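What follows is a set of notes on a single structure, which appears directly below.
Note that these values count all heavy atoms, side chains included, but never hydrogens, waters or copies made by symmetry. Nothing here was measured: the structure is a model prediction, and the numbers come from that model.
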Amino acid sequence: MLEFAPICIYLVISLLVSLILLGLPFLFASPSSTYPEKLSAYECGFDPFGDARSRFDIRFYLVSILFIIFDLEVTFFFPWAVSLNKIDLFGFWSMMAFLLILTIGFLYEWKRGALDWE
């Protein structure tokens, strides 16, 4: 149990720091009155053109999901590249299989037109 003491100390200190940082604004903030101008949407000094809570096109969400998927791919590359000399051919071919699956998925999305903006 003693070998986990640094981890426990780190968790306690991080919890205290986060609670202090969350509590500081409540201590130093002045109570403010709410009035309509302060609660209205701000669009570069102009009156709002429409509702700020309008619907977005689904393509924005699709592009963000695709970005997250292919960005996570890069997080798997770094440890693989660092330990490539220790994992031999099995590690190399397992990463090639991973890349093949991702490439097939990317080609499928491209073929289905998920990346087209028309």
Side-chain angles (χ1 to χ4, degrees):
M1 184 66 181
L2 193 57
E3 65 266 10
F4 296 117
I7 296 173
C8 292
I9 291 170
Y10 175 74
L11 288 175
V12 168
I13 291 173
S14 63
L15 180 68
L16 287 175
V17 167
S18 63
L19 289 176
I20 288 170
L21 290 176
L22 283 172
L24 280 177
F26 293 108
L27 292 175
F28 295 113
S30 64
S32 63
S33 62
T34 57
Y35 47 94
E37 287 83 17
K38 191 171 186 178
L39 295 176
S40 68
Y42 179 72
E43 291 186 12
C44 301
F46 298 105
D47 290 331
F49 297 119
D51 187 21
R53 287 161 177 64
S54 62
R55 293 180 153 221
F56 282 99
D57 193 0
I58 193 69
R59 290 177 287 193
F60 290 111
Y61 296 113
L62 183 63
V63 168
S64 66
I65 294 294
L66 292 176
F67 173 76
I68 289 172
I69 289 171
F70 290 108
D71 193 41
L72 284 176
E73 171 189 350
V74 174
T75 63
F76 290 121
F77 279 148
F78 183 72
W80 173 75
V82 169
S83 64
L84 186 58
N85 59 351
K86 296 180 185 143
I87 57 176
D88 295 330
L89 285 176
F90 176 74
F92 176 77
W93 288 113
S94 62
M95 183 54 83
M96 291 302 118
F98 175 70
L99 283 175
L100 179 69
I101 291 170
L102 281 175
T103 304
I104 290 171
F106 178 71
L107 292 175
Y108 174 75
E109 291 166 356
W110 192 358
K111 205 68 161 154
R112 297 276 299 185
L115 303 174
D116 293 334
W117 284 94
E118 299 166 2

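Between V82 and N85, the shortest heavy-atom contact is O-OD1, 4.0 Å. Between M95 and F76, the shortest heavy-atom contact is CE-O, 3.5 Å.
Both M96 and I87 are members of a single hydrophobic cluster when ILVMFWY side chains are connected at heavy-atom separations under 4.5 Å. The cluster map of Ile, Leu, Val, Met, Phe, Trp and Tyr, joined by side-chain heavy atoms under 4.5 Å apart, puts Y61 and V63 in the same cluster. V74 and I68 fall into different hydrophobic clusters, defined by Ile, Leu, Val, Met, Phe, Trp and Tyr side-chain heavy atoms under 4.5 Å apart, directly or through other members. Hydrophobic clustering (ILVMFWY, side-chain heavy atoms < 4.5 Å, transitive): Y10 and V17 are in distinct clusters.
The CG atom of D71 sits 12.0 Å away from atom CG of L66, with the distance rounded to the nearest 0.5 Å. A distance of 11.5 Å separates SG in C8 from CD1 in I13, rounded to the nearest 0.5 Å. With rounding to the nearest 0.5 Å, the separation of CD1 in I20 from OG in S18 is 8.5 Å. A distance of 10.5 Å separates CD1 in I65 from CD in E109, rounded to the nearest 0.5 Å. Interatomic distance, CZ of F92 versus CG of L89, reported as 8.0 Å (0.5 Å rounding).
Within the 4.5 Å cutoff, side-chain heavy atoms of L99 are placed close to those of F77. Between W110 and L107 the shortest side-chain heavy-atom distance falls below 4.5 Å.
Around CG of L15, the count of heavy atoms belonging to other residues, nucleotides or ligands within 6.0 Å exceeds 12. Within a 6.0 Å radius of CH2 in W80, more than 12 heavy atoms belonging to other residues, nucleotides or ligands are found.
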